Asker: 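Below are the structure tokens for one structure; questions will follow.
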Amino acid sequence: MGFARTCSVALVGVEGVVVEVQADLEPGVAAFTLVGLPDKSLFESRDRVRAAVVNSGAEWPQKKLTVGLSPASVPKAGSGFDLAVACAVLGAAERIDPREIADLVLIGELGLDGRVRPVRGVLPAVLAAADSGYRQVVVPEQTAAEAALVPGVSVLGVRSLRQLIAVLTDEPVPEEPEPADSGRPDAMLAGLTVAGAGTGTGVLTRVAGDPRQPDLADVAGQHAARRALEVAAAGAHHLYFLGPPGAGKTMLAERLPGLLPPLAAQDALEVTAVHSVAGVLPPGKPLVDTPPYCAPHHSATMAALVGGGNGMPRPGAVSLAHRGVLFLDEAPEFSGRALDALRQPLESGHVVIARSAGMMRMPARFLLLLAANPCPCGRYSLVGDGCDCTPMAIRRYQGRLSGPLLDRIDLRVPVAPVSRAELAGPPGDSEPTARVAARVREARERSLARYAATPWSTNSEVPGHELRTRWPVAPDALREAEVDLERGLLTARGLDRVLRVAWTIADLAGHDRPTHDDVVRALELRTGVTRGMPVGADW
């Protein structure tokens with residue numbers, strides 16, 4: 001009787017569970033049994049592993065073979081267990097020393113010819129292995145750079161099962177031919193992406209200095225909206241643009257990611273892990289270090305927004321936009337149920353989805369940007385507009401964004417049409433993205449220094465109670481906001497959000513704490529109503 005064990009990782013969302021892969025050989029009729037709650041794709045690994053072992057020059061054991069995946073209560077899906085199953089079988093057959101693989105974590109799919117194919121989710125899998133105390137992992141060569149992002153872990157990238165057997169048995173490592181450059185996409189990389197995922201979810205990542213990155217200088221006029229965009233970027237505040245078609249709402253939204261600072265090391269790992277699991281990791285870029293930008297179409301379902309699907313839930317747009325921007329253009333055209341599903345992740349920064357196949361917890365700390373027209377035709381409230389919508393149609397259209405959802409939006413800014421003088425203005429009249437981003441970066445540094453000893457980093461994350469007690473504002477600064485609360489124009493949540501925005505405005509202005517003027521400006525940005533501040537006053 002032969003026995004061997006090694007390890008792999010089962011992913012539940014972006015959280016991994018280390019799975020012990022055990023192989024047992026006993027005398028009897030040759031058979032291969034796989035147990036431990038495998039799904040269909042994992043159950044098919046029996047045939048892939050057998051063919052890969054034989055085509056790698058090793059002998060397949062002609063005995064009763066049982067492979068167990070423990071713990072058996074954890075659902076296991078995908079083809080990433082192939083490499084671990086093959087090594088456990090070879091260890092039980094004494095082709096390799098079982099002691100050499102006992103402390104290894106092996107992740108990878110096997111082709112019938114023995115080549116090791118990459119799989120999605122390598123980064124969160126290696127993170128889970130490192131958290132469990134494992135320090136040696138074996139992954140496909142194409143994902144070795146992604147696995148090497150985890151500190152304290154030794155990574156071995158292999159091209160084939162033959163190479164791995166040679167390494168484990170101290171034999172000369174055979175050379176595997178490089179894939180021929182035929183001008184076609186490499187079929188070996190097909191497992192790293194989901195077909196259509198990059199365009200279907202609208203996930204983009206911006207690279208600093210990329211000439212294709214939209215610049216804020218391209219936007220004519222819209223000074224109030226530009227200022228709101230700067231405040232949103234500086235404090236990670238949610239933003240709502242309301243205006244007619246063609247006013248520049250989408251142009252402004254596309255330029256918001258360029259104002260955000262690069263991701264911190266831990267945030268970059270979180271974003272990369274989500275994108276790796278979802279199959280939207282940019283090719284040739286193992287680490288996503290810039291804020292993502294996700295803009296799903298308004299026909300997106302609730303599962304597409306928050307995550308879900310058949311079987312084990314998959315990441316949705318809120319998770320793909322983690323630490324970045326989620327832009328919902330034509331927001332009233334989205335399903336009401338889908339929009340209201342955003343309320344929980346907007347507050348908590350994560351989303352928990354329960355399905356019959358399991359429960360998934362995904363990060364969802366994003367900056368929400370909504371854009372909407374004032375009515376179905378978009379011409380309501382314009383002088384000489386010619387709007388043909390009935391009052392009932394206008395109320396019904398505007399009512400598609402529920403009150404509880406809008407109460408979670410910090411900034412609500414009307415966007416008026418651009419005038420002819422603004423369009424015909426001299427080039428370079430508007431500030432470029434780089435200059436505004438520098439002010440945003442300085443404001444973020446002030447908030448980081450203030451919250452250095454806390455779990456928060458931006459003003460939008462700090463609970464209102466903490467802001468009121470630990471960082472009080474200037475005396476009598478909240479007078480007008482408290483009056484609005486008494487009149488019912490602000491909720492308690494709304495007052496907290498006004499206070500957060502006031503802190504961001506103070507950070508942009510270099511104030512030690514919010515003044516009365518800072519709070520008034522925050523009220524203007526939340527309500528869209530002018531409060532008598534001097535025109536052109538410095539922020």
Side-chain angles (χ1 to χ4, degrees), residues 198-207 210 212-261 290-300 304-305 316-318 320-334 338-339 342 345-346 364-374 378 400-401 405-406 408-418 422 430-434 436-437 440 458 460 501 504 525-526 528:
T199 56
T201 56
V203 180
L204 300 173
T205 53
R206 312 293 190 186
V207 179
D210 189 345
R212 297 170 297 178
Q213 178 174 317
D215 197 289
L216 201 56
D218 301 334
V219 180
Q222 303 300 0
H223 302 292
R226 290 166 61 95
R227 176 61 71 175
L229 210 65
E230 181 177 343
V231 173
H237 301 291
H238 307 305
L239 177 59
Y240 175 36
F241 282 146
L242 178 65
K249 303 186 296 293
T250 303
M251 285 186 68
L252 288 163
E254 290 175 345
R255 283 146 181 82
L256 178 55
L259 302 181
L260 300 177
T290 54
Y293 172 78
C294 188
H297 190 261
H298 60 254
S299 61
L305 281 182
V318 296
L320 295 174
H322 179 57
R323 299 296 178 184
V325 178
L326 175 63
F327 175 47
L328 302 185
D329 200 4
E330 307 293 346
E333 301 296 339
F334 282 79
L339 288 174
L342 300 176
L346 282 175
R365 180 72 65 183
F366 56 91
L367 194 166
L368 177 63
L369 177 51
L370 303 175
N373 297 324
R400 292 179 182 177
L401 300 179
L405 175 62
L406 289 178
R408 290 166 167 82
I409 305 301
D410 304 338
L411 315 174
R412 308 173 192 174
V413 180
V415 181
V418 182
E422 290 172 330
S430 299
E431 278 190 305
T433 293
V436 180
V440 169
T458 60
S460 65
V501 175
T504 300
L525 287 172
R526 179 166 180 86

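Values below: every heavy atom of this structure, side chains too, minus hydrogens, waters and symmetry copies. Here the structure is a predicted model, which means the values were calculated and not measured.
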Asker: Can you name the nearest heavy-atom pair linking Arg412 to Leu406, along with the distance?
Answerer: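 It is NH2-O, 2.7 Å.
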
Asker: Kindly list each side-chain donor-acceptor pair under 3.5 angstrom involving residues 231-248, sequence neighbours excluded, with atom names and distances?
Answerer:
from, atom 1, to, atom 2, distance (Å)
His237, ND1, Asp410, OD2, 3.0
His237, NE2, Thr504, OG1, 2.6
His238, ND1, Leu368, N, 3.0

Asker: For residues Pro257 and Thr290, determine if any side-chain heavy atom of one lies less than 4.5 Å from a side-chain heavy atom of the other.
Answerer: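 Result no, sub-4.5 Å side-chain heavy-atom pair not found.
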
Asker: The criterion is salt bridge (Lys or Arg N to Asp or Glu O under 4.0 Å); which residues satisfy it with Asp218, sequence neighbours excluded?
Answerer: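 Partners of Asp218 by the salt bridge (Lys or Arg N to Asp or Glu O under 4.0 Å) criterion, ordered by chain and then number, come out as Arg255.
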
Asker: Show the numbers, then the answer: is there a side chain to side chain contact (heavy atoms under 4.5 Å, CB included) between Arg226 and Glu431?
Answerer: CA-CA 9 Å; Arg226 290 166 61 95; Glu431 278 190 305; 3.4 Å; yes

Asker: Locate the shortest heavy-atom distance separating Pro332 from Leu401; write the atom from each residue and the value.
Answerer: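 Smallest heavy-atom distance, with atoms named: N-CD2, 4.3 Å.
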
Asker: Would you say Phe334 and Leu305 make side-chain contact, with heavy atoms under 4.5 Å?
Answerer: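 Answer yes - side chains close enough.
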
Asker: Taking atom CD of Glu254 and atom CG of Leu369, what is their separation to the nearest 0.5 Å?
Answerer: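 Output value for this atom pair is 10.5 Å.
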
Asker: Hey, does the side chain of Asp215 reach the backbone of Thr433 with a donor-acceptor pair shorter than 3.5 angstrom?
Answerer: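 Side chain of Asp215 to backbone of Thr433: a pair is present.
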
Asker: With sequence neighbours left out, write down each residue that passes side-chain contact (heavy atoms from CB on, under 4.5 Å) with Ala220, or none if nothing qualifies.
Answerer: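 Applying side-chain contact (heavy atoms from CB on, under 4.5 Å) to Ala220 gives Val418, Leu423.
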
Asker: Quick one: CG on Leu525 to CD1 on Ile409, what's the gap to the nearest 0.5 Å?
Answerer: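 If we round to the nearest 0.5 Å, Leu525:CG and Ile409:CD1 are 13.5 Å apart.
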
Asker: Would you indicate whether the side-chain heavy atoms of Val436 and Leu229 approach each other to under 4.5 Å?
Answerer: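 Side-chain contact under 4.5 Å: no.
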
Asker: To check you understand the geometry: which heavy-atom pair defines the closest contact between Asp329 and His298, and what is its length?
Answerer: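 Taking every non-hydrogen atom into account, O-CB, 4.2 Å.
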
Asker: For Arg408, enumerate each residue passing the side-chain contact (heavy atoms from CB on, under 4.5 Å) test, keeping only those at least two apart in sequence or located in another chain.
Answerer: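 With neighbours one apart ignored, the set is Arg343, Leu346, Glu347, Pro404, Arg493, Arg497.
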
Asker: Pairs in or reaching into residues 228-245: which pass salt bridge (Lys or Arg N to Asp or Glu O under 4.0 Å), with residues at least two apart or in two chains?
Answerer: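 Residue pairs with at least one partner in residues 228-245: Arg227-Glu230, Glu230-Arg439.
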
Asker: Pro296 and Leu328: which non-hydrogen atoms are nearest, and at how many Å?
Answerer: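 Heavy-atom minimum between the residues: CG-CD2, 3.8 Å.
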
Asker: Would you name the heavy atoms of Ala228 and Leu411 that are closest together and state the gap between them?
Answerer: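 Where Ala228 meets Leu411 most closely, the heavy atoms are O-CD1, 3.6 Å.
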
Asker: Run the side chain to side chain contact (heavy atoms under 4.5 Å, CB included) test on Phe366 and Leu320 for me, step by step, so that the C-alpha distance in whole Å, both residues' side-chain angles and the decisive distance to 0.1 Å come before the verdict.
Answerer: CA-CA 9 Å; Phe366 56 91; Leu320 295 174; over 6 Å; no

Asker: Could you list the residues that satisfy side-chain contact (heavy atoms from CB on, under 4.5 Å) with Arg365, not counting sequence neighbours?
Answerer: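 Applying side-chain contact (heavy atoms from CB on, under 4.5 Å) to Arg365 gives His322, Arg323, Glu461.
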
Asker: With sequence neighbours left out, what residues match Glu330 under salt bridge (Lys or Arg N to Asp or Glu O under 4.0 Å)?
Answerer: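 If we apply the salt bridge (Lys or Arg N to Asp or Glu O under 4.0 Å) test to Glu330, skipping adjacent residues, there are no hits.
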
